[in-house]
Amino acid sequence: MDESVVADVIARSGPIPFEEFQHQALYGPGGFFADGTVKSTAAGDFLTSPEVSPWFGRAIAHWANEVLADVEGPARIVDVGAGSGSLLASIAPLVPETLALTAVEVSPPAVERLRDLGFEVFSSLEEVPSALPEVVIANELVDNLVVAIVVRTADGWEERWVANHDGTLTFVPHPCRPEVAAWADAFGGDVPVGGLVEVQLAAYQWLTDLLARPGLRAALVIDYGETAEGLLPRRTMGTLRTYRAHHLGPDPLTAPGETDITVDVNFTALMAAADQTGATASLMRQDDFLAAQGLRTKLSELRHAELALAREGEPIERLRTRSEATDLETLLHPRGLGDFRVLEVRPQGNNV
C-alpha cells in the first residue's frame, strides 16, 4: 500500500480515526488483503484451523448437518471470510447435495481461488440470498473487522487517531466520540489509567445484522479472544498487533498494507449483541467444541491405528497416520488453537 494514500487523506481532513486507517491498510487499494496472494496458506502470512487439518471442516460439517437435520429441500452453508477455501473443501464431501456451499470473500486472489474450487462467491453477506435455511461460519473473521482505539485517562476515555507528522504516521490523542465511549464503558471493563481498549463497534454491528437474516438457523463465530473480564490483564498494552509471514509484525502504522492488523475479539460484546436481538448465545473453547463433534475420539483412534501400523511394519502408512493425528492434536491443543473461542448463536423464533 502506498502510504501517500493515507497521507493524502490526512492532508485534506487532518487526523483520521484508527478504523479508517485500518480499513485502508487491510482492504483499500494496495491493502494487505488486496494484493496478489492468498494469505491463509503455508506460503502466505498465517494458517487458520482449516489449513492445519481437514478435521476442523469435518467437525463443522457434523455440526451443520445436525442444525439443518429437519430441513427438507435446499439449504445453505455460508463461510464468511472464506480465504483459501480449505474449510468449504473439507465440508463439501460430508453434506447433502441439496446444501449449497457459499463463500463470502473480499480478497481478489482468494476470490479467484474459491471460484476455481467451484464455490459461489459474494463480496458481502448482504449479497448472499437469504431465503434458504442457512448456517453461517465466521472463522478468524471478526479479529480483522475495524476497531477504534481508546485509552483510559483520569477524565475518561480518549481516542487515538492517526496523523502524519513530517511524513511519519503516528498516533495522536483525540476527543472520544460518544458511540465509541459508550462501547468502551459497556465492554472495556475496569481499565486502569493508561490502559488501552480496542472498541469493536463493527463486530457488534456485523453480528446484529447477521442475526436479522430471515433464513438463519445458527452461526458459529470462531476466533482468538476472551470475555471482557478475561481481557483485563492485557489492557496495559492492549491486544492490537500485526502479523506477517507467520510471525508478529511491526507497529501497525509502520508498514500499512504489508501486515495483517488484528485484535483479540471481545466475546462479551458479541454475546450482548446476540442478547439484544433475542438470540441465544453459547461460548466455549475450540477444543471443547471439537470434542463435542467427536474429534477427541477420532484422535484416540488415530493414535491406536498408528501403533497397530508400527506392529505390522507399515512405515509409510504409519507416518501418514501419525501426521494426521499430529495435525488434529494441534487443533485441540489447550495452549494453541484449542484455546480459541467458539460462539454459537441461534436467533429467536423459528426461521425459514
Side-chain angles (χ1 to χ4, degrees), residues 37-67 69 77 79 81-97 99 101 103 109-110 113-114 116-119 135 137-141 143 220 222-224 243-248 260 284-342 344:
T37 61
V38 179
K39 301 302 181 180
S40 55
T41 65
D45 290 272
F46 53 82
L47 289 177
T48 64
S49 292
E51 285 87 37
V52 170
S53 170
W55 282 105
F56 183 81
R58 293 165 189 166
I60 299 293
H62 181 269
W63 171 85
N65 283 331
E66 286 192 338
V67 171
I77 294 179
D79 182 10
S84 70
S86 297
L87 178 56
L88 288 177
S90 299
I91 290 172
L94 301 175
V95 296
E97 292 184 359
L99 192 54
L101 298 179
R113 179 166 177 158
L114 287 159
D116 287 344
L117 290 171
F119 299 118
V135 297
I137 316 299
N139 180 59
E140 294 198 49
L141 167 82
D143 66 272
L220 291 179
I222 307 165
D223 228 311
Y224 41 87
Y243 280 96
R244 179 167 58 191
H246 303 279
H247 293 88
L248 283 171
D260 185 18
M284 67 203 86
R285 290 167 52 97
Q286 177 166 299
D287 53 359
D288 291 333
F289 170 79
L290 295 178
Q293 311 309 316
L295 263 57
R296 285 204 185 280
T297 300
K298 184 62 185 178
L299 177 59
S300 179
E301 292 173 354
L302 288 169
R303 289 304 187 198
H304 282 94
E306 181 190 348
L307 292 174
L309 289 164
R311 289 192 297 269
E312 295 166 7
E314 295 284 349
I316 302 301
E317 186 61 19
R318 179 192 178 191
L319 287 174
R320 187 203 64 77
T321 302
R322 176 189 292 178
S323 177
E324 184 178 4
T326 299
D327 290 345
L328 175 50
E329 198 167 36
T330 300
L331 296 182
L332 296 163
H333 198 289
R335 292 186 299 277
L337 291 171
D339 193 39
F340 278 34
R341 296 299 183 267
V342 178
E344 179 180 356

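Predicted model, so just to flag it, every value in this text is computed and none were measured.
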S.K.: Does the side-chain contact (heavy atoms from CB on, under 4.5 Å) test come out yes or no for Phe289 and Leu220, once each step is laid out?
M.R.: CA-CA 11 Å; Phe289 170 79; Leu220 291 179; 3.6 Å; yes
S.K.: Does any non-hydrogen side-chain atom of Leu248 lie less than 4.5 Å from one of Tyr243?
M.R.: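 SC-SC contact between Tyr243 and Leu248 confirmed.
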S.K.: Just one of Ile316, Thr321, Leu319 clears the side-chain contact (heavy atoms from CB on, under 4.5 Å) bar with Leu309, so which one?
M.R.: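 Of all the options given, the one that passes is Thr321.
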S.K.: Using the side-chain contact (heavy atoms from CB on, under 4.5 Å) definition, which of the options Ile137, Ile222, Leu101 pairs with Leu87?
M.R.: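 Considering Ile137, Ile222, Leu101, a side-chain contact (heavy atoms from CB on, under 4.5 Å) with Leu87 is found only for Ile137.
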S.K.: Using a 3.5 Å distance criterion without hydrogens, assess whether the side chain of Asp287 forms a donor-acceptor pair with backbone atoms of Pro334.
M.R.: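 Absent.
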S.K.: Might you point out which heavy atoms bring Gly81 and Leu141 nearest each other, and give the distance in Å?
M.R.: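 Result for this residue pair: CA-CD1, 4.2 Å.
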S.K.: Main chain of Arg322, side chain of Thr326: is a donor-acceptor contact present, judged purely on distance under 3.5 Å?
M.R.: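 Flag set: sc Thr326 to bb Arg322 pair under 3.5 Å.
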S.K.: Please list, chain by chain and in numerical order, all residues satisfying salt bridge (charged side-chain N to carboxylate O under 4.0 Å, His left out) with Arg303, sequence neighbours excluded.
M.R.: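 Result, salt bridge (charged side-chain N to carboxylate O under 4.0 Å, His left out) vs Arg303: Glu306, Glu329.
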S.K.: Who pairs with Thr330 by side chain to side chain contact (heavy atoms under 4.5 Å, CB included), at least two apart in sequence or on another chain?
M.R.: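 Partners of Thr330 under the side chain to side chain contact (heavy atoms under 4.5 Å, CB included) test: Val52, Leu337.
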S.K.: Run the side chain to side chain contact (heavy atoms under 4.5 Å, CB included) test against Ala308 and tell me which residues pass, sequence neighbours left out.
M.R.: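 Counting only residues at least two positions away or on another chain, Ala308 forms a side chain to side chain contact (heavy atoms under 4.5 Å, CB included) with Arg311, Glu312.
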S.K.: In chain order, what residues pass the salt bridge (charged side-chain N to carboxylate O under 4.0 Å, His left out) check against Glu314, with sequence neighbours excluded?
M.R.: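 In terms of salt bridge (charged side-chain N to carboxylate O under 4.0 Å, His left out), with neighbours along the sequence ignored, Glu314 is linked to no residue.
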S.K.: Let me have the donor-acceptor pairs involving side chains of residues 56-64, under 3.5 Å, with sequence neighbours excluded, atom names and distances please.
M.R.:
| from | atom 1 | to | atom 2 | distance (Å) |
| --- | --- | --- | --- | --- |
| His62 | ND1 | Gln293 | OE1 | 2.8 |
| Trp63 | NE1 | Glu344 | OE2 | 3.4 |

S.K.: Looking at Arg113 and Ser84, would you say the former's side chain and the latter's main chain have a donor-acceptor pair under 3.5 Å?
M.R.: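 The answer is yes, because a donor-acceptor pair under 3.5 Å joins these two groups.
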S.K.: Listed by chain and number, what are the side chain to side chain contact (heavy atoms under 4.5 Å, CB included) partners of Pro96, not counting sequence neighbours?
M.R.: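 Here the qualifying residues are Asn65, Thr98, Leu99.
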S.K.: Holding to salt bridge (charged side-chain N to carboxylate O under 4.0 Å, His left out), I want the full list of residues that pass it with Asp288, two or more places apart in sequence or in another chain.
M.R.: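 Expected list: none.
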S.K.: Using 4.0 Å as the upper bound for N to carboxylate O, is an ion pair formed by Asp339 and Arg285?
M.R.: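 Salt bridge present between Arg285 and Asp339.
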S.K.: Go through the structure and list residues passing salt bridge (charged side-chain N to carboxylate O under 4.0 Å, His left out) with Glu301, not counting sequence neighbours.
M.R.: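 In terms of salt bridge (charged side-chain N to carboxylate O under 4.0 Å, His left out), with neighbours along the sequence ignored, Glu301 is linked to Lys298.
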S.K.: Please find the pair of heavy atoms, one from Leu88 and one from Ala103, that lie closest to each other, and give the distance.
M.R.: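 Heavy-atom minimum between the residues: CD1-CB, 3.9 Å.
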S.K.: Please give me the minimum heavy-atom distance between Asn139 and Pro50, naming the atom from each residue.
M.R.: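 Shortest heavy-atom separation between Asn139 and Pro50 comes out as ND2-CD, 3.4 Å.
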S.K.: Would you list the pairs meeting ring pair (Phe, Tyr, Trp, His ring centres under 6.0 Å) in which at least one residue belongs to residues 316-340, sequence neighbours left out?
M.R.: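 Those involving residues 316-340 are Tyr224-Phe340.
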S.K.: Tell me, please, which residues at least two apart from Ser53 pass side chain to side chain donor-acceptor pair (under 3.5 Å).
M.R.: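 So Ser53 forms no side chain to side chain donor-acceptor pair (under 3.5 Å) with any residue.
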S.K.: Which pair of non-hydrogen atoms, one from Ser49 and one from Glu140, has the smallest distance, and what is that distance?
M.R.: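 Nearest heavy atoms, Ser49 then Glu140: N-OE2, 4.3 Å.
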S.K.: Looking only at non-hydrogen atoms, find the nearest pair between Leu295 and Trp55 and report the distance.
M.R.: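 In this case the closest contact between Leu295 and Trp55 is CD2-O, 3.5 Å.
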